[in-house]
Asks: 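A single structure is presented below for examination.
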Amino acid sequence: MSLGDALFGAFAMPFMGRALFVMLVLAVVAGVIGVLVNLRGLEFITDGLTHAVFPGLAIGLALGGTAGLIPGAAVAALAAALVLTWLDRAGITSDAAIAIVLTATFSVGVIVVSRSDDYAGELEALLFGRVLTVPPEQLVPLVGVSLLALLAIGITMKQQLLRAFDPAGSRAVGDSALVLDLVLNAAVALVVVAASATIGSLLVLALLIVPGAVARLVTVHLWWLFPIAAAFAAIAAWLGLASNYAISIGAGVDLPAGATIVAVFVAGYALVLATALLLGLIGRPRAARAGEA
Amino acid sequence: MTSMTDPVLELRGAAFTHPGGSGVSGLDFAIAPGEAVALVGPNGAGKSTLLKGLLGLVPKTAGRVLIAGSDHAANGMIGFLPQTAELDPEFPITLEQVVMQGRYRKLGLFRWPGRADRAAVRRALDAVGLAPLAKRRYGGLSGGQRQRGLLARALASEPVLLLLDEPFNGLDQPNREALIDTLRRLKRERVSVLVSTHDLELARQVCDAVLFVNREQLAFGPVDEVLTLDNVQECFEGVEVEVDEHTLVVPGHEGH
């Protein structure tokens with residue numbers, strides 16, 4: 001198998017083409033929203049959402065088969081977004097409280113899944129995704145959910161950035177912190193929903209966190225963060241699928257696709273981090289950087 | 001009375017109280033167009049509470065607050081200069097982008113900045129003397145430049161009333177003078193100013209009136225009549241104050 005086959009030819013096959021299409025949509029949306037997650041320091045809530053979505057996926061699957069995945073996850077994610085927004089505003093961010101909530105929801109999910117006939121198979125699919133077997137009829141809901149998230153963030157972008165930079169100033173100009181937080185958390189929840197059905201609820205976090213972190217390493221220009229994060233995510237998703245295909249078909253080692261994609265994301269981050277360190281973009285004392293500006 | 005002399009801000013028996021219970025009460029004063037009022041009191045006296053109450057960030061629990069004669073402040077009438085220490089210096093944003101935030105309220109959710117907004121940003125940066133640094137990263141500026149940048153953001157919103165929270169804390173002499181110049185120019189343009197400060201010398205230099213608070217309003221009136229040693233003593237009770245570039249310790253029962 002040639003390099004060209006893995007990078008391009010493989011995607012002529014319908015299941016690979018669908019996987020690439022879904023991953024590209026997801027990567028771009030997660031990249032853009034991930035920048036805000038990074039600027040707001042919301043990694044914690046994002047992590048919480050990825051866990052809370054799991055019982056929704058499980059219940060959706062139990063009630064409606066694979067067609068129930070997205071509705072189930074959407075209900076769970078939006079409920080979790082409400083609860084986590086409230087916990088955060090109430091100042092309840094103790095690790096113990098959150099850990100109890102998250103493990104509780106997770107165990108509910110496992111119990112629901114354990115009632116199904118193919119326990120191990122279903123559990124694996126929910127946790128680690130089924131990107132290579134996304135059914136064609138799921139494309140529209142997946143893209144719809146992703147675009148809805150992007151739209152919500154696009155409309156409130158100016159206000160989200162002001163809130164990230166200057167929370168008091170944001171309230172002073174009359175923006176509702178509650179509304180902005182709900183919109184952002186709901187957008188994150190929608191991405192988690194779309195991603196859970198493809199790369200699995202445990203691996204979504206990489207999609208939301210890594211591209212934003214890469215963009216922060218590469219640039220200090222606000223408006224460049226978003227295209228850089230989206231481009232990184234798209235390229236990493238493509239290379240992830242291509243290398244999974246090359247290893248699975250070319251070398252005959254059957255790797256899970258979602259995990260391979262995440263591995264490529266993390267490898268990309270490591271590469272950018274190493275380059276930034278070598279070029280001296282980061283790692284210098286704060287004072288030195290402040291002084292030269 | 002014509003509309004030109006109607007007060008921009010008028011408080012009648014107003015109180016602002018945090019949900020926790022602390023607050024500031026008995027507020028009874030008015031600010032005319034182009035008038036500057038110094039808000040003076042020791043730390044914890046409720047100066048910030050008063051400013052945040054006017055912005056609607058702390059609940060009003062008594063009395064009336066009229067802004068331009070109305071119970072509800074119209075969008076973008078009040079500019080606010082917060083204390084700079086609260087902002088993350090690592091945030092990836094340029095000075096120009098910070099100043100543009102001053103336009104967001106006028107733009108609302110669906111519009112993005114246009115030519116008029118960029119012009120307002122340039123004027124605001126010119127007004128505080130930072131136009132050459134427009135493209136610099138905000139976090140890389142000196143403390144005084146950041147403070148002037150936030151003032152430019154408040155100016156870009158073209159307010160009729162400007163609230164400043166301790167804007168002179170930690171400023172060196174050039175930045176201090178730049179800020180004083182800007183305040184004087186604003187007054188000429190009929191912008192009203194309410195500025196909280198420890199610095200009584202500043203109150204004398206740029207303000208027309210002084211408002212003493214310590215949990216409640218203690219005194220309000222023209223600088224010449226109200227900025228007296230008696231009032232300062234009553235308000236500060238043993239805290240260091242600066243008058244004419246000298247630091248005095250006002251006698252009190254404990255001292256600090």
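Each chain gets a letter, A, B and so on, in the order its sequence line appears, and its residues count up from 1. Source: prediction; values computed, not measured.
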Asks: Would you confirm whether the ring centroid of A/Tyr269 sits within less than 6.0 angstrom of the ring centroid of A/Phe232?
Replies: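 Centroid separation for A/Phe232 and A/Tyr269: 6.0 Å or greater.
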Asks: Any chance CZ of B/Phe91 has more than 12 other-residue heavy atoms, nucleotides or ligands included, within less than 6.0 Å?
Replies: yes
Asks: Flag the pair B/Asp199 and B/Arg176 as a salt bridge only when some basic side-chain nitrogen lies within less than 4.0 angstrom of an acidic carboxylate oxygen.
Replies: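 Result for this pair is yes, salt bridge flagged.
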Asks: Identify which of B/Leu133, B/Leu55, B/Leu57 forms the greatest number of heavy-atom pairs closer than 4.5 Å to chain A.
Replies: B/Leu57
Asks: Closer than 3.5 angstrom, by distance alone: can the side chain of A/Lys158 be matched with the main-chain N or O of B/Arg111 as a donor-acceptor pair?
Replies: yes
Asks: Considering only heavy atoms, which portion of B/Leu107 lies under 4.5 Å from any heavy atom of chain A: side chain, backbone, both, or neither?
Replies: side chain
Asks: Chain A heavy atoms under 4.5 Å from B/Arg103: which part of the residue, side chain, backbone, both or neither?
Replies: neither
